[in-house]
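What follows is one structure encoded as structure tokens, with my remarks underneath.
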Number of protein chains: 2
Amino acid sequence: MGATKTDHFTERQNQIAKIAKALGHPARIAIIEYLLKVNTCICGDIVNELPLAQPTVSQHLKELKNAGIIKGNIEGTAICYCIDEKVIEILNDYFSKIILTVTNQKCC
Amino acid sequence: MGATKTDHFTERQNQIAKIAKALGHPARIAIIEYLLKVNTCICGDIVNELPLAQPTVSQHLKELKNAGIIKGNIEGTAICYCIDEKVIEILNDYFSKIILTVTNQKCC
DNA sequence: TTTTTATATTGCAATATTACGATAAATGTT
DNA sequence: AACATTTATCGTAATATTGCAATATAAAAA
């Protein structure tokens with residue numbers, strides 16, 4: 001196997017899992033932190049920031065884009081990347097609700 | 001390859017990625033949502049809630065436990081599982097900060 | 001003690017992910 | 001046009017993940 005049975009779960013569950021999965025790699029977290037640090041969309045330059053080869057970084061960027069976490073605008077030779085707040089907001093709302101429920105929980 | 005180069009990233013980046021990765025599967029999201037729904041630690045019963053075989057569920061529970069997202073207390077024959085708010089709080093804080101930074105960002 | 005019930009572990013097949021060298025594609029520069 | 005620069009894609013090797021049947025383990029119940 002190795003293939004996730006996505007059709008057995010709700011769309012919402014698959015959505016959250018997809019976003020979380022895209023964030024489930026330190027290189028992709030590092031990319032996001034870099035985009036936050038420069039505090040603007042950055043054109044080029046991401047490859048030099050990471051300890052990985054250019055095709056690997058490109059692949060990670062593709063996955064972040066695919067999950068809707070970042071967006072890229074072509075700007076001449078380079079591509080401008082920035083974080084798409086919409087998706088981060090979805091995650092944030094989701095976990096906020098979890099926190100609320102959990103803290104009201106009578107538990108072990 | 002297939003192995004993540006964790007030693008090239010900060011401990012923090014690896015920590016966030018690890019938690020996110022554990023949440024990156026719809027079955028594990030479904031488990032968490034079930035734990036929230038019953039609103040208490042649940043003994044047994046998780047297997048019947050999911051459209052997956054018992055060993056598969058056991059494996060997903062193990063991964064959630066390994067990431068610190070849930071904790072399990074042995075209670076006779078069954079095991080009581082519940083969400084560990086500490087880890088969810090780490091994620092929530094992390095994404096809250098991202099949201100704050102992103103919304104202040106002048107971007108494409 | 002034997003049986004039942006609940007969960008974990010093992011072993012395996014199918015598929016996915018990670019990483020990178022080589023190469024392609026696209027655009028700006030000379 | 002020829003070249004340089006930047007990012008994407010292809011191909012491939014190593015490893016990880018997913019899922020389940022079979023089996024093991026552990027504790028309660030009979």
- Indicate if A/Val38 and A/Leu36 have the same hydrophobic cluster label, given that clusters are the connected sets of ILVMFWY residues with side-chain heavy-atom separations under 4.5 angstrom.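 Yes, it is one cluster - the side chains of A/Val38 and A/Leu36 are joined through contacts under 4.5 Å.
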
- Closest listed nucleotide, where the reference is the side chain of A/Thr4 and the choices are D/dG19, D/dT17, C/dA19: D/dG19

For the pair made of [atom1] in [X] and [atom2] in [N], what is the distance, rounded to whole Å?
X	N	atom1	atom2	value
A/Glu63	C/dT17	CD	P	7 Å
B/Arg28	D/dT18	CZ	C1'	9 Å
B/His8	C/dC20	NE2	C1'	12 Å
B/Lys18	D/dA16	NZ	P	14 Å
B/Leu23	D/dT18	CG	P	12 Å
A/Phe9	D/dT18	CZ	C1'	11 Å
B/Ile31	D/dG19	CD1	C1'	13 Å
A/Asn66	C/dT17	CG	P	10 Å

Over all atoms of both residues, closest heavy-atom pair of [X] and [Y]:
X	Y	value
A/Ile88	B/Phe95	CG2-O, 4.1 Å
B/Ile19	B/Ile69	O-CD1, 3.9 Å
B/Arg28	B/Lys21	NH2-O, 3.5 Å

Please determine whether a side-chain nitrogen or oxygen atom of [X] lies at a distance below 4.0 Å from atom OP1 or OP2 of [N].
X	N	value
A/Lys21	D/dT17	no
A/His25	C/dA19	yes
A/His60	C/dT17	no

- Message: Tell me whether A/Ser96 contacts the main-chain N or O of A/Asn92 through its side chain, where contact means a donor paired with an acceptor under 3.5 Å.
- Response: yes

- So which one's nearest nucleotide on DNA chain C is more toward 5', A/Ala3 or A/Leu52?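 Its nearest nucleotide being more 5', the pick is A/Ala3.
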
- Query: What residues, two or more places apart in sequence or in another chain, satisfy side-chain hydrogen bond (donor to acceptor under 3.5 Å, both in side chains) together with A/Gln13?
  - Reply: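 Listed in chain order: A/Thr10, B/Glu33.
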
- Message: Between A/Val47 and B/Pro51, which residue's closest nucleotide on DNA chain D lies nearer the 5′ terminus?
- Response: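 Looking at the nearest nucleotide for each, A/Val47 comes out on the 5' side.
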
Collect all protein-nucleotide pairs involving nucleotides 8-10 of chain D in which both atoms are nitrogen or oxygen and the distance is under 3.5 Å.
| unit_1 | atom_1 | unit_2 | atom_2 | d |
| --- | --- | --- | --- | --- |
| D/dA8 | OP1 | A/Lys65 | NZ | 3.2 |
| D/dA8 | OP1 | A/Tyr81 | OH | 2.8 |
| D/dA8 | OP2 | A/Ser58 | OG | 2.9 |
| D/dA8 | N7 | A/Gln54 | NE2 | 2.7 |
| D/dA8 | N6 | A/Gln54 | OE1 | 2.8 |

- Query: With sequence neighbours excluded, what pairs up with B/Ala53 under the side-chain contact (heavy atoms from CB on, under 4.5 Å) test?
  - Reply: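 For B/Ala53 the side-chain contact (heavy atoms from CB on, under 4.5 Å) partners, ignoring immediate neighbours, are B/Pro55, B/Thr56.
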
